[in-house]
Amino acid sequence: MTRGLPLIITRPEPGNAATVARAAALGLDARAMPLFAARTLPWTPPAADDYDVLLLTSAQAVRLAGAQLAALAALPVYAVGDATAAAAARAGLTVARIGEADAQSLLDVMASGKIARILWLCGHDRSAFDPRGMTLQPLPCYTVAPVDPPSDWSGLIAAPAVLLAHSTRAARRIAALAGPSRAHLALVAISPAVAAAAGAGWAERTASEQPTDAGMLALAAALCHKGEK
């Protein structure tokens, strides 16, 4: 039986369903409330020989890249997170290294090796990173656009609840939709930078030490049950 405050999951599909399933397995009252939807952008793969590695920071890039991704199969993949690495492997790519923290940390590791030219298959809206002297070429293959909140969004956030923010854009949108009267809501972010983007005024605002669902859900579970007391 589920217990505690509702846990509102705002990331786009298919990640939303995966997080809902993980939260439900922990006995949490998980609610799917996607605030964004991802779609493919037209893109043309460059010559793989022009690059040393392929950087993947999101499983969405693999899922939405389409058949063109096969043209880059010769490049070793540096992936951020297990989910991205698993998606790359399922697509027939060779994963050379998995970054357990964020993209900047992975780039720092890459800079210590013999890597000069990086092709970054990414989304249209992306973070800025320091390539540490390497060439980092972004190639957008998808975009994530805001969508209207589900019909029961307003009712859910009117009462105490816990929200998950998986990105800086999500944190800002959650904050905007919640408005200034959010002292009854708690927010769990995937990183300190994402938590900062959500601003102040929450009942509690915390960030996972590792940018993973597992880390976020551990914090969320504590907050959901804390609110129950």
Side-chain angles (χ1 to χ4, degrees), residues 4-13 15-16 18-20 22-23 26 28-38 57-60 79-84 99-108 122-130 144-147 149-150 153-154 156-229:
L5 297 178
L7 177 63
I8 301 174
I9 298 164
T10 62
R11 67 189 305 196
E13 296 292 1
N16 194 292
T19 302
V20 167
R22 294 184 189 106
L26 295 174
L28 301 178
D29 183 11
R31 310 293 183 93
M33 294 278 130
L35 299 179
F36 298 87
T57 54
S58 171
Q60 293 280 27
V80 176
D82 291 335
T84 304
E100 300 300 335
D102 55 17
Q104 186 60 66
S105 298
L106 185 56
L107 284 167
D108 292 346
C122 58
H124 179 269
D125 295 288
R126 55 192 179 272
S127 301
F129 301 110
D130 183 348
V144 178
V147 296
W153 167 268
S154 295
L156 269 178
I157 67 166
V162 179
L163 299 105
L164 298 188
H166 280 81
S167 69
T168 298
R169 288 182 72 203
R172 290 172 179 157
R173 184 132 197 263
I174 291 167
L177 290 171
S181 300
R182 54 189 183 226
H184 59 292
L185 297 170
L187 183 131
V188 177
I190 198 167
S191 70
V194 171
W202 305 93
E204 296 204 43
R205 182 186 59 172
T206 187
S208 177
E209 291 185 2
Q210 295 294 327
T212 63
D213 256 10
M216 295 177 74
L217 289 174
L219 293 174
L223 289 173
C224 286
H225 292 301
K226 178 180 179 181
E228 187 182 35
K229 296 176 182 178

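- Of all heavy-atom pairs spanning L106 and A79, the tightest one is CD2-O, 3.6 Å.
- Under the side-chain hydrogen bond (donor to acceptor under 3.5 Å, both in side chains) criterion, R205 pairs with no residue at all, not counting sequence neighbours.
- Applying the salt bridge (Lys or Arg N to Asp or Glu O under 4.0 Å) rule to D82 yields no partners; only residues at least two apart in sequence or on another chain are considered.
- Considering every non-hydrogen atom in both C224 and V162, the closest pair reads SG-CG2, 3.8 Å.
- In this structure, CZ on R22 lies 9.0 Å from OG1 on T212, to the nearest 0.5 angstrom.
- Within the 4.5 Å cutoff, side-chain heavy atoms of L185 are placed close to those of I157.
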Donor-acceptor pairs are to be reported for all side-chain atoms of residues 5-12 against protein atoms at under 3.5 Å, with residues two or more places apart or in another chain.
{"residue": "T10", "atom": "OG1", "partner": "L164", "partner atom": "O", "Å": "2.9"}
{"residue": "R11", "atom": "NH1", "partner": "T19", "partner atom": "OG1", "Å": "2.8"}

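- Remark: P149 engages L35, W153, R173, L177 in a side chain to side chain contact (heavy atoms under 4.5 Å, CB included) (not counting sequence neighbours).
- Checked against side-chain hydrogen bond (donor to acceptor under 3.5 Å, both in side chains), N16 has no partners two or more places apart in sequence or in another chain.
- Under the side-chain hydrogen bond (donor to acceptor under 3.5 Å, both in side chains) criterion, S105 pairs with D102, not counting sequence neighbours.
- Open room surrounds CD on E209; 12 or fewer heavy atoms of other groups in view lie less than 6.0 Å from it.
- In this structure a side-chain-to-backbone donor-acceptor pair under 3.5 Å is missing from H166 to P211.
- Pairing each heavy atom of V80 with each of A103, the nearest pair is CG2-CA, 3.7 Å.
- Scanning for salt bridge (Lys or Arg N to Asp or Glu O under 4.0 Å) contacts around R182 gives an empty result, with sequence neighbours left out.
- Residues forming a side chain to side chain contact (heavy atoms under 4.5 Å, CB included) with A165 (at least two apart in sequence, or on another chain): A171, I174, L187, V194.
- Between L223 and A186, the closest heavy-atom pair is CD1-CB, 4.1 Å.
- Every ring pair (Phe, Tyr, Trp, His ring centres under 6.0 Å) that F129 has, sequence neighbours left out, goes to W120.
- Shown here are the side-chain hydrogen bond (donor to acceptor under 3.5 Å, both in side chains) partners of Q104, two or more places apart in sequence or in another chain: D108.
- Looking at residues two or more places apart in sequence or on another chain, you find a salt bridge (Lys or Arg N to Asp or Glu O under 4.0 Å) between E204 and K226.
- Taking every heavy atom of both residues into account, W202 and A178 meet most closely at CH2-CB, 4.0 Å.
- The two residues A161 and L156 make their nearest non-hydrogen contact at CB-O, 4.2 Å.
- For R126, there are no salt bridge (Lys or Arg N to Asp or Glu O under 4.0 Å) partners at least two apart in sequence or on another chain.
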What do the steps show when you test Q60 against T84 for side chain to side chain contact (heavy atoms under 4.5 Å, CB included), and what is the final call?
CA-CA 8 Å; Q60 293 280 27; T84 304; over 6 Å; no

